[in-house]
Amino acid sequence: NNQHWVALKNDGTLGAWGWNDDGELGNGGRADSTVPVAVVGLDGQGLLNLGTSSYQDLWNNPSEPGWGVGITQHGSTLFASWFTHDAGGKATWLVMPGGAWSDSTTYSGTLYRTSGQSSATPFTPGTVQVKPVGMASLSFNDTNNATLSYTYNGSAGVKVLSRYVFDTLGNTPSVNHSDMWWTPSESGWGLNITQQFESMFAGWCTYDAAGNPIWFVLPSGSWINPTTYGGTLYRTASSATGTALDQSAVAVMAVGSAT
């Protein structure tokens, strides 16, 4: 009704405030509240149920800078974009565009690697090639911690992940733009946008001049006007997937700007 409000937090929990005469705040009591109180769900955690809990966010390992996994969730379906690095330390990306829940906490599917046309040239349909390169499983310990198990080009590995929180103090926006964004007539590349409060983190999955996959990130920016967000575009280098992290190999290079 118009006398109470509910908000979704970045960690998937719900807060509600306002009148509570009929228990509409969902916290098990009937006292009104002028500040958000935790909504308690059937599992006692107050998680928003999207077929499963909401895992849509940017995930990484805090001790291994320079890579991460962007998860887009529609209902119970996940699209995982893995921003990582090849044997030469160059940024590359893998995707798990379709998978299945093997139980209530583990989502698994085929990993794909693509090649395509340079982002600097006009797009020609049919230039994108998609190749299966392994398998991946995302096992969620809870709404904030997960384990990525994978095989990639014959090598197996395990990565510990947690939600990457990059905005904790912002104001709740009227629109959240978190999703996968693309041009339907140019299938094979896209943007993974994660939004926390009014801050956005965009991962651009595209191709270099040789047609090899490469990604750029817009990790921070600002609202230029109410509908335009912009900032510096960066490229990274790091240790190869499946190898121990070499801190000296991690590099972040400003390469342009994006809106």
Side-chain angles (χ1 to χ4, degrees), residues 58-61 64-72 79-97 109-134 136 148 150-155 157 159 161 164 166 178-194 200-221 229-243 245-259:
L58 190 64
W59 297 71
N60 77 336
N61 185 316
E64 298 184 4
W67 67 273
V69 178
I71 295 178
T72 299
F79 189 114
S81 305
W82 184 5
F83 304 102
T84 183
H85 300 86
D86 64 15
K90 184 178 180 181
T92 189
W93 49 273
L94 307 173
V95 290
M96 186 172 72
T110 302
L111 272 178
Y112 294 91
R113 183 178 181 273
T114 69
S115 58
Q117 201 164 353
S118 167
S119 58
T121 61
F123 186 84
T124 302
T127 59
V128 175
Q129 302 295 315
V130 181
K131 178 184 178 181
V133 291
L148 170 66
Y150 65 90
T151 58
Y152 172 46
N153 285 340
S155 299
K159 297 286 189 180
L161 304 176
Y164 175 43
F166 53 86
S178 296
D179 217 321
M180 282 292 294
W181 295 78
W182 69 318
T183 301
S185 62
E186 299 183 4
S187 182
W189 68 271
L191 285 172
N192 182 296
I193 295 178
T194 299
M200 284 201 262
F201 191 112
W204 180 14
C205 300
T206 185
Y207 307 98
D208 63 15
N212 297 313
I214 190 170
W215 53 271
F216 301 96
V217 288
L218 191 159
S220 61
Y229 191 86
T232 302
L233 205 60
Y234 294 90
R235 181 170 63 85
T236 70
S238 187
S239 304
T241 302
T243 63
L245 178 71
D246 177 3
Q247 292 282 358
S248 66
V250 179
V252 180
M253 296 146 279
V255 293
S257 61
T259 58

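Residue numbers start at 1 and run along the sequence shown. Computation of the quantities below employed the complete heavy-atom set of this structure, encompassing side-chain atoms and omitting hydrogens, waters and symmetry-equivalent molecules.
Annotation for Thr232 and Pro219: closest pair O-CD, 3.9 Å, computed over non-hydrogen atoms. When every heavy atom of Ile193 is checked against every heavy atom of Ala202, the shortest pair comes out as CG1-CB, 4.3 Å. The two residues Phe166 and Thr194 have their closest heavy-atom pair at CZ-O, 3.6 Å. Minimum interatomic distance between Pro213 and Thr92 (heavy atoms only, all atoms of both residues): CG-OG1, 3.3 Å. Met96 and Gly109 get closest at one heavy-atom pair: SD-N, 3.3 Å. Between Thr243 and Ala240, the shortest heavy-atom contact is OG1-O, 2.6 Å.
Atom CG of Asn153 sits about 6.5 Å away from atom NZ of Lys131, to the nearest 0.5 Å. Interatomic distance, Tyr152 OH to Asp86 CG, rounded to the nearest 0.5 Å: 7.0 Å. To the nearest 0.5 Å, the span separating CG on Leu161 from CD1 on Ile71 amounts to 7.5 Å. The distance from the CG atom of Leu218 to the CZ atom of Phe201 is 8.5 Å, given to the nearest 0.5 Å.
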(request) Begin from the C-alpha positions of Thr114 and Trp189 and carry the test side-chain contact (heavy atoms from CB on, under 4.5 Å) through to its verdict. (result) CA-CA 9 Å; Thr114 69; Trp189 68 271; over 6 Å; no
(request) Test side-chain contact (heavy atoms from CB on, under 4.5 Å) on Lys90 and Asp208 and set out the steps. (result) CA-CA 11 Å; Lys90 184 178 180 181; Asp208 63 15; 2.3 Å; yes
(request) Take Trp82 and Leu148, measure what side-chain contact (heavy atoms from CB on, under 4.5 Å) needs, and give me the verdict at the end. (result) CA-CA 10 Å; Trp82 184 5; Leu148 170 66; 4.0 Å; yes
(request) Give the intermediate values and the outcome of side-chain contact (heavy atoms from CB on, under 4.5 Å) for residues Tyr150 and Thr241. (result) CA-CA 10 Å; Tyr150 65 90; Thr241 302; 4.0 Å; yes
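By the 30° and 60° cut-offs, the orientation of the rings of Phe216 relative to Trp204 is tilted.
Counting only distance, with no hydrogens or angles, the side chain of Gln117 and the backbone of Thr124 share a donor-acceptor pair below 3.5 Å. A donor-acceptor pair is defined here as one N or O able to donate and one able to accept, closer than 3.5 Å; such a pair exists between the side chain of Tyr229 and the backbone of Met200. Not one N or O on the side chain of Trp67 forms a donor-acceptor pair closer than 3.5 Å with the backbone of Ala91.
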Which atom pairs, donor and acceptor, lie under 3.5 Å between side-chain atoms of residues 247-259 and protein residues at least two apart or in another chain?
| unit_1 | atom_1 | unit_2 | atom_2 | d |
| --- | --- | --- | --- | --- |
| Ser248 | OG | Asp246 | OD1 | 2.6 |
| Ser248 | OG | Asp246 | OD2 | 3.1 |

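Glu64 has its side chain within reach of Leu245: a pair of non-hydrogen atoms, C-beta onward, lies under 4.5 Å apart.
Judged as a side chain to side chain contact (heavy atoms under 4.5 Å, CB included), and not counting sequence neighbours, the contacts of Ser81 are Phe79, Phe83, Val95, Met180, Asn192. By the ring-ring contact (aromatic ring centres under 6.0 Å, His included) test, Tyr207 pairs with Trp93, sequence neighbours left out.
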